[in-house]
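This report refers to the structure that appears directly beneath it.
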Amino acid sequence: MSSHSTKGEEVRVRFAPSPTGYLHVGGARTALFDWLFARHHGGRFILRIEDTDVERSSPEMVEGILEGMRWLGLDWDEGPFFQSERTERYRAAAQELLKSGHAYYCYCTPESLKERRDLAMKEKKNYKYEGTCRHLSSTEIETKEAAGVPRALRFKVPESGSIEFPDHVFGKIEVAHEQIEDFVLLNSRNHPTYHLSVVVDDMEMRITHVVRGADHVSNTPKQILLYRAFDAEPPEFAHLPLILGPDKAKLSKRHGATSVTAYRDLGYLPEAFRNFLALLGWSPGDNTEIMATDELIERFSLEKINQSNAVFDVQKLDWLNRQYIGASTAERLAPLVQKALESKHVWREEYAGAQKEYFLSTLDLLKSRMHSINDFAESGQAFFTDVYEIDEAAAKKNLKEPDLKELMPLLASRLKALDVFTLETCEQALRALAEEKQVKAGLLINAARVLLTGRAVGPPLFHIMIQLGKERTATRLERISALTFHH
RNA sequence: GUCCUCGUCGUCUAGCCCGGCCUAGGACACCGCCCUUUCACGGCGGUAACACGGGUUCAAAUCCCGUCGAGGACGCCA
């Protein structure tokens with residue numbers, strides 16, 4: 001167990017995405033760290049959907065987020081809770097703050113506020129709400145109320161002093177009160193806004209640790225102020241460094257795939273992706289990189305999270321993916337590969353007709369050189385159908401020797417004559433033929449591979465032969481005479 | 001503009017808190033070699049970094065100050 005206090009209570013962490021977009025890489029990393037932290041401490045992982053902005057939230061996005069989390073294996077213990085269903089609680093909490101003198105009504109119109117903000121922006125000045133309505137006299141308020149002027153509720157931020165809080169990642173952070181404006185709690189349609197709902201929920205759900213992106217550090221002082229106003233103890237905070245694109249700007253659509261499910265569709269293994277995400281902003285401290293879930297959980301700690309932003313490096317992801325694919329059993333890979341084939345509508349019939357054992361052994365043969373789950377659609381094709389294309393470059397490279405037109409059929413007949421068709425006997429037959437005809441074995445081997453699979457790259461030839469079987473191997477070798485090449 | 005934060009190879013990072021063991025370690029990528037029947041895998045080796053400038057100290061990547069650079073936040077969005 002790590003040293004930071006859990007106050008003798010159960011650790012409770014939440015992941016609180018807003019369903020205004022998909023679960024993107026940054027969100028997924030946050031969710032992962034939340035989950036790892038909860039699991040490490042044997043605590044509870046709570047999922048809360050922050051959909052107070054009804055216009056921008058949608059059920060599809062919620063489903064997308066859940067889908068992404070399931071894909072990554074991030075299971076939650078409580079929820080999902082929806083903030084949109086808890087509006088009354090937030091309103092009640094807001095009234096409490098009004099009564100206790102921590103909040104006041106603001107009658108400024110959004111339009112005038114925007115004007116003031118734009119003006120300040122134009123003059124390159126810092127803008128902060130002036131607090132106009134904070135100092136309204138009771139008669140002024142009466143007049144506004146009588147006229148039915150729309151009102152928002154604002155939090156009364158202390159005018160002097162500063163707020164300071166410890167962060168598990170960044171250490172101590174201090175902000176002067178005068179930097180913080182009187183933020184809105186309830187908008188003029190009487191809807192709660194972010195800070196209010198977050199704090200009310202975190203209190204009510206007894207969240208002990210808030211682990212979230214560093215884009216929230218500047219929100220933290222406001223939220224702590226709210227805890228104090230509610231006379232509640234704030235949770236502990238840990239802010240995660242951001243994930244950047246190759247251009248070192250915040251990750252966005254222009255960097256390609258955004259949602260994590262897009263990575264699934266690209267053929268990444270969830271365990272590889274999760275391992276990769278874990279290494280973005282965190283390291284176990286020694287040189288270990290490949291870690292299974294249990295190890296990740298066991299070794300995870302907030303103090304090992306580093307403070308600088310990290311660039312998302314696809315090449316490293318690819319490497320991890322290859323490592324994981326190579327180390328996975330065919331049984332593990334099979335359903336994923338199958339799903340990929342189905343979604344791509346590739347040679348469905350051939351695959352459907354194949355025996356399970358044959359499918360698995362083919363997968364075993366090919367997995368060590370698969371870069372992604374999707375690769376199998378191409379590299380596996382020739383093992384399931386006789387109608388596969390012969391790659392032109394491969395033919396040009398390995399089939400251009402004229403003698404092959406005789407050598408290949410000859411090889412075919414030698415193989416056919418074999419009583420036992422094994423790795424050893426195939427190799428013997430081929431090498432004997434090469435010696436007899438005074439050609440390099442490599443010539444025959446490379447040519448045969450192209451004929452058998454349509455590709456210049458792939459598994460060792462004799463493995464391919466065994467996999468295909470004697471008949472198919474022979475037939476395909478004989479096919480050379482039917483081929484025409486452009487030299 | 002204001003505030004907050006960060007700054008070790010191209011990238012992810014170890015080391016920094018508790019100065020000497022750092023002629024700065026690992027991984028990805030890149031380049032060579034080996035293995036080999038192709039492509040991978042694997043093995044071996046190589047290029048490559050403490051942003052800069054001042055202090056403090058016998059000694060600084062590590063402590064202090066400044067500069068520069070980068071990122072984030074500044075909504076009746078979350």
Side-chain angles (χ1 to χ4, degrees), chain A residues 16-21 50-53 55-57 83 106 108-110 113-114 117 120-121 123-129 150-154 167 169-171 173-176 178-181 183-191 193-195 197-198 213-221 239 241-242 244 246 248-250 276 279-290 303 306-320 322-323 326 366 368-371 379 394 397-398 427 430 440-450 455-462:
Chain A
S18 153
T20 52
E50 311 222 317
D51 57 348
T52 51
D53 186 354
E55 282 94 56
R56 296 207 302 151
S57 303
Q83 291 194 321
C106 170
C108 300
T109 65
L113 288 168
K114 189 175 184 312
R117 193 173 299 115
M121 195 79 112
E123 290 175 350
K124 293 211 169 215
K125 277 198 185 136
N126 184 31
Y127 178 77
K128 189 186 107 178
Y129 175 62
R151 62 190 192 183
L153 189 70
R154 282 183 187 272
D167 185 280
V169 173
F170 292 103
I173 294 174
E174 186 180 3
V175 178
E178 59 168 18
Q179 290 301 327
I180 309 169
E181 75 170 1
F183 53 96
V184 170
L185 264 13
L186 249 28
N187 68 22
S188 49
R189 294 180 328 255
N190 201 30
H191 278 286
T193 61
Y194 174 68
H195 297 295
S197 51
V198 165
D215 45 344
H216 284 290
V217 290
S218 55
N219 290 329
T220 309
H239 288 95
L242 269 15
L244 274 24
K248 304 210 178 184
K250 210 175 168 184
F276 172 70
L279 260 15
L280 239 35
W282 175 82
S283 94
D286 57 21
N287 292 326
T288 317
E289 296 209 290
I290 296 187
E303 355 301 312
N306 58 261
Q307 298 154 309
S308 44
N309 296 340
V311 173
F312 184 96
D313 179 18
V314 200
Q315 296 196 117
K316 186 120 184 187
L317 207 210
D318 287 339
W319 172 73
L320 272 167
R322 265 179 271 135
Q323 296 293 316
L366 297 174
S368 75
R369 61 213 89 209
M370 279 165 58
H371 286 222
S379 62
K397 187 176 169 218
N398 295 330
E427 180 158 9
L430 183 140
K440 279 190 180 163
L443 175 74
L444 302 182
I445 288 168
N446 290 326
R449 184 182 295 101
V450 175
R455 302 156 63 89
V457 304
L461 179 69
F462 306 109

Does OP1 or OP2 of [N] have a side-chain N or O of [X] closer than 4.0 Å?
X: A:Ser283; N: B:rA14; answer: yes
X: A:Gln323; N: B:rG42; answer: yes
X: A:Lys248; N: B:rG10; answer: no
X: A:Arg322; N: B:rC41; answer: yes
X: A:Arg117; N: B:rG1; answer: no
X: A:Asn306; N: B:rU13; answer: yes

[Y] backbone acceptor or donor facing [X] side chain under 3.5 Å:
X: A:Asp215; Y: A:Leu242; result: no
X: A:Ser188; Y: A:Pro150; result: no
X: A:Thr220; Y: A:His216; result: yes
X: A:Gln307; Y: A:Pro241; result: no

In the strands shown, is [N] matched to any nucleotide by a Watson-Crick or G-U wobble pair with both distances under 3.5 Å, and which?
N: B:rU23; answer: none
N: B:rC9; answer: none
N: B:rA73; answer: B:rU2
N: B:rC33; answer: B:rG43

Using a 4.0 Å heavy-atom cut-off, does [X] contact any base of the nucleic acid, only the sugar-phosphate backbone, or nothing at all?
X: A:Ser188; result: base
X: A:Glu289; result: base
X: A:Phe276; result: nothing
X: A:Ala310; result: sugar-phosphate
X: A:Leu280; result: sugar-phosphate
X: A:Tyr194; result: base
X: A:Pro459; result: base
X: A:Pro221; result: nothing

Taking [atom1] from [X] and [atom2] from [N], how many angstroms apart are they, rounded to a whole number?
X: A:Glu123; N: B:rG1; atom1: CD; atom2: P; result: 14 Å
X: A:Asn190; N: B:rC76; atom1: CG; atom2: C1'; result: 12 Å
X: A:Leu185; N: B:rC77; atom1: CG; atom2: P; result: 12 Å

Side chain of [X], base of [N]: donor and acceptor closer than 3.5 Å?
X: A:Lys316; N: B:rA29; result: no
X: A:Arg449; N: B:rU37; result: yes
X: A:Ser308; N: B:rC6; result: no
X: A:Asn126; N: B:rG1; result: yes

Which whole number of Å gives the distance between the [atom1] atom of [N] and that of [M]?
N: B:rU13; M: B:rA29; atom1: C1'; result: 15 Å
N: B:rC41; M: B:rG32; atom1: P; result: 15 Å
N: B:rG72; M: B:rC64; atom1: C1'; result: 26 Å

From the list B:rC76, B:rG71, B:rA29, which nucleotide is the closest neighbour of the side chain of A:Trp319? B:rA29

